[in-house]
Amino acid sequence: MDFELTDEQRMIAETVGKFVRTELDPHADEVERLDDVPPELARTIREKALGAGLYAANMPEEIGGGGLDAVSMTLVERELGKTSFALQMLVARPSNILQACEGEQRTRYLLPAVRGERHDCLAMTEPGAGSDVRSMRTRAVRESGGDGGACGSDCYVLNGSKHFISHADMADFAIVFAATGTEETARGTKNLITAFLVDLDAPGVEVRRGSGCVSHRGYHQCELTFTDVRLPAGQRLGEEGRGFALMGEWLGASRLQVAATSVGRARRVLDLTLDWAAEREQFGQPVGRFQGVSFPLADLATELEAAELLTLRAAWKQDGGTMTDRDAAMAKLYASEALGRITDQALQTFGGMGLMAELPIERYWRDARVERIWDGTSEIQRHIISRSLLRPLGA
């Protein structure tokens with residue numbers, strides 16, 4: 001098996017890495033202190049990302065995106081993962097699910113998102129529906145034969161709420177998942193889910209900042225409320241009742257993104273910790289000479305290599321059309337949990353200074369925790385993996 005990257009892939013990683021160091025990293029402390037990205041700074045970073053050709057790298061070339069393959073995108077996410085999430089998300093990668101847009105949807109949503117003119121967010125999670133997505137209570141009821149007004153003669157009326165919606169306060173529209181009916185399954189009655197494109201300035205839509213989070217300051221979680229929001233049928237994304245399948249079709253890429261981000265952040269933390277272990281002296285020698293410090297670092301370096309190879313292998317399989325849900329789940333599970341172990345041991349190596357705000361270690365430690373939760377908890381990933389192992393055996 002050839003583990004070598006192409007010259008183009010190495011160049012992509014180097015270009016993104018330089019952009020992170022020169023355009024994003026210098027602002028990380030300010031964003032952490034403010035728990036916000038100043039609007040002018042956000043505009044500047046977006047403009048520079050567009051100018052550097054880094055914007056919408058995940059989208060097909062024929063619609064104006066970067067057209068990168070999965071391995072190249074994994075390298076992009078790895079490098080972006082080394083800095084503040086609130087800053088790296090300004091180098092936007094529109095939600096992959098937008099590629100399901102058809103007809104006028106492409107003109108109103110997909111193409112403006114690729115050009116950086118409009119920004120999207122994904123609205124799925126609810127207070128009572130996290131891992132159990134199909135228990136969601138947000139509903140869209142179809143009405144036909146209306147008065148032919150702004151909604152037309154065929155529309156949906158959307159009611160409900162969502163929470164933990166990332167960066168909705170900076171988005172122009174949301175991809176909203178709502179129940180549009182039910183079906184009987186072996187586990188009882190389940191909702192049929194449909195996806196919709198919803199403008200966040202539409203009548204009846206309210207966006208509020210959610211509770212503060214210890215992870216990724218400046219990257220806000222929001223709450224969305226929908227009150228009798230009337231949506232033309234043309235704003236339905238995909239077929240009615242097929243939103244769950246549509247979501248599954250694109251979710252693998254987002255889990256690879258989490259895995260790659262975790263690998264990049266873990267690399268940054270390990271490098272900082274190695275420098276500290278080599279320079280910090282106690283008892284007349286660098287602390288890295290003590291096996292109590294050096295052996296755990298050896299373990300972490302090994303874990304990091306394994307996490308990166310597992311992630312790149314899943315991306316390579318995606319490029320070949322053979323990536324399974326298990327591949328993406330394994331990468332996300334292992335990389336995110338390895339990041340947790342690496343940041344925890346890094347803080348232990350730094351000792352008391354690791355907890356101080358003047359060093360970035362406590363920030364990486366806090367930020368690492370959410371990676372095991374969003375885009376499917378570690379328990380959900382283990383469920384996916386174990387199901388793939390046992391179902392072929394009839395269990």
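What you are looking at is a predicted structure, and each value in this text was computed from that prediction instead of being measured.
- Side chain to side chain, Gln221 and Ser166 meet the donor-acceptor criterion of an N or O pair below 3.5 Å.
- The two residues Glu23 and Pro26 come nearest to each other via the heavy atoms C-CD, 4.1 Å.
- For the pair Asp367 and Arg217, the salt-bridge criterion is not met [side-chain N within less than 4.0 Å of a carboxylate O].
- Applying the side-chain hydrogen bond (donor to acceptor under 3.5 Å, both in side chains) criterion to Lys317, with sequence neighbours excluded, gives Asp327.
- Side chains of Arg208 and Thr225: a donor-acceptor N/O pair is present below 3.5 angstrom, by distance only.
- Few gaps surround CD on Glu240; more than 12 heavy atoms of other groups in view lie less than 6.0 Å from it.
- Arg93 and Gln88 form a side-chain donor-acceptor contact under 3.5 Å, judged by distance and modelled atom types alone.
- Residue pairs meeting the side chain to side chain donor-acceptor pair (under 3.5 Å) criterion with at least one member in residues 269-289: none, sequence neighbours excluded.
- Heavy atoms of other residues, nucleotides or ligands lying less than 6.0 angstrom from CD of Glu8 number 12 at most.
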Ignoring hydrogens and angles, write down the donor-acceptor pairs under 3.5 Å from the side chains of residues 300-308, residues two or more places apart or on other chains.
residue: Thr302; atom: OG1; partner: Ala298; partner atom: O; Å: 2.9
residue: Glu303; atom: OE1; partner: Arg341; partner atom: NE; Å: 2.7
residue: Glu303; atom: OE1; partner: Arg341; partner atom: NH2; Å: 2.6
residue: Glu303; atom: OE2; partner: Arg341; partner atom: NE; Å: 3.2
residue: Glu305; atom: OE2; partner: Arg267; partner atom: NH2; Å: 3.1
residue: Glu308; atom: OE1; partner: Arg267; partner atom: NH2; Å: 3.0
residue: Glu308; atom: OE2; partner: Arg78; partner atom: NH1; Å: 2.6

**OP:** Kindly indicate, with the supporting measurements, whether the criterion side chain to side chain contact (heavy atoms under 4.5 Å, CB included) is fulfilled by Thr125 and Trp374.
**Re:** CA-CA 10 Å; Thr125 304; Trp374 59 13; over 6 Å; no

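- Of the candidates Leu224, Leu122, Val207, Leu224 is the only one forming a side chain to side chain contact (heavy atoms under 4.5 Å, CB included) with Ile165.
- With respect to Glu362 and Arg366, a salt bridge is recorded, a charged nitrogen being found less than 4.0 Å from a carboxylate O.
- To the nearest 0.5 angstrom, Arg363 atom CZ is 14.5 Å from Trp365 atom CH2.
- The two residues Val157 and Asp228 come nearest to each other via the heavy atoms CG1-CA, 3.8 Å.
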